[in-house]
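Down below is the structure, laid out as structure tokens.
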Amino acid sequence: MVDLLDGKKAAQLADQEFSQRINDLKLMGITPGLAVILIGNDSASQVYVRNKKRRAQKVGINYQLFHLAENITQTAVLQLINKLNHDPEIDGIMVQMPVPPQIDAAKVMNAIAVDKDVDGFSFDNIGRLWSNNSGNFPATPRGIIRLLQQYEISVAQKHVVVVGRSNIVGRPMAGLLLNADATVTMAHSKTPNLAALTKQADILIVAIGQAEFITADYVKPQSVVIDVGMNHDVTGKLVGDVDFSSVSQVASMLTPVPGGVGPMTITGLLEQVIILAEKRA
Ligand SMILES: Nc1nc(=O)c2c([nH]1)NC[C@@H]1CN(c3ccc(C(=O)N[C@@H](CCC(=O)O)C(=O)O)cc3)C=[N+]21
């Protein structure tokens with residue numbers, strides 16, 4: 001029988017720790033501040049942003065949402081970021097992805113002050129990650145590392161295969177794993193004979209963006225499988241990149257979707273905001 005890596009439960013545990021840390025900060029007159037910039041009306045983004053707000057407020061973070069119109073100019077976005085960069089109440093700033101086509105995502109990311117770039121998407125923070133220096137690192141990979149820690153699954157000495165090379169998941173995931181002494185293989189949609197490679201993984205992390213793509217024949221028996229996917233199947237149901245029913249016959253541990261990596265992504269974000277506020281103390 002497969003054991004679930006329960007992200008919802010792990011996130012609740014983390015929230016208890018965060019509430020305590022924020023209480024300690026408040027005794028010193030510090031309230032962690034998070035500014036979320038949401039541009040337009042992407043329906044998935046609205047769900048994620050709503051979940052972030054609920055969790056942030058639950059642990060005592062000052063959460064500020066800036067919901068901008070779909071047709072906002074880049075200049076206006078840069079002006080808002082500049083204002084938030086200088087706001088002493090704000091520890092972290094993030095721009096929810098994806099952004100509309102008139103907005104240059106890289107430009108916007110790099111306009112956020114490096115120390116307030118809570119998503120770690122700026123070139124500075126990417127460089128810090130890949131040179132194993134301290135910095136701000138992306139929420140989803142942070143959350144996955146924390147989920148593994150909470151289940152006492154060590155990545156050191158393990159062969160971890162990451163499927164997917166996005167800037168927000170695959171690449172930073174590989175960097176954090178390397179820094180934690182894992183042996184990392186990166187694969188993606190154009191990797192030939194993908195199953196032969198993924199079958200060698202002690203830990204398989206899948207962020208490829210294709211519904212139920214990873215079936216049992218991609219998975220090494222008794223391995224740990226982390227599903228980062230968020231797709232809607234033909235009936236509209238939320239499914240991951242991993243075929244849960246077949247892979248649960250082979251793997252020893254597996255994350256569900258929903259209730260796996262999603263809640264831990266928010267955990268990764270909240271943790272990074274709190275770390276930044278603790279630097280003010
Ligand atoms: N700048 C930026 N930073 C991000 O961290 C970022 C982003 N842009 N754009 C999109 C992705 C995706 N993401 C999720 C957050 C919460 C859930 C989440 O709460 N999931 C729940 C419920 C999902 C549902 O019901 O649809 C679950 O898996 O159980 C999922 C995905 C953050 N991202």
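Because only heavy atoms are used, hydrogens play no part in the values below, and waters and symmetry mates are left out as well, while side chains stay in. When a ligand or atom number is given, it counts from 1 through the structure's own listing order.
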Not counting sequence neighbours, list each pair that qualifies as a salt bridge (charged side-chain N to carboxylate O under 4.0 Å, His left out) and has a residue in residues 64-78. none
Tabulating one pair per line, provide the atom names and distances (0.1 Å) for every N/O atom of ligand 1 that is less than 3.5 Å from a protein N/O atom.
{"residue": "ligand 1", "atom": "1 (N)", "partner": "V95", "partner atom": "O", "Å": "2.7"}
{"residue": "ligand 1", "atom": "1 (N)", "partner": "D119", "partner atom": "OD2", "Å": "2.7"}
{"residue": "ligand 1", "atom": "3 (N)", "partner": "D119", "partner atom": "OD1", "Å": "3.2"}
{"residue": "ligand 1", "atom": "3 (N)", "partner": "D119", "partner atom": "OD2", "Å": "3.2"}
{"residue": "ligand 1", "atom": "8 (N)", "partner": "M97", "partner atom": "N", "Å": "3.0"}
{"residue": "ligand 1", "atom": "9 (N)", "partner": "Q96", "partner atom": "NE2", "Å": "3.0"}
{"residue": "ligand 1", "atom": "9 (N)", "partner": "M97", "partner atom": "O", "Å": "3.0"}
{"residue": "ligand 1", "atom": "19 (O)", "partner": "N51", "partner atom": "ND2", "Å": "2.9"}
{"residue": "ligand 1", "atom": "29 (O)", "partner": "G259", "partner atom": "N", "Å": "2.7"}

For I72, is there any backbone N or O sitting under 3.5 Å from a side-chain donor or acceptor partner on Q102? yes
Flag for R142-T267: side-chain donor and acceptor within less than 3.5 Å: no
Using a strict 4.0 Å threshold on nitrogen-to-oxygen distance, state whether E17 and R146 make a salt bridge. yes
Donor-acceptor pair, distance only, cut-off 3.5 Å: does the side chain of Q200 make one with the backbone of A196? yes
Examine distances only and state if a side-chain atom of R171 and a backbone atom of R165 form a donor-acceptor pair shorter than 3.5 Å. yes
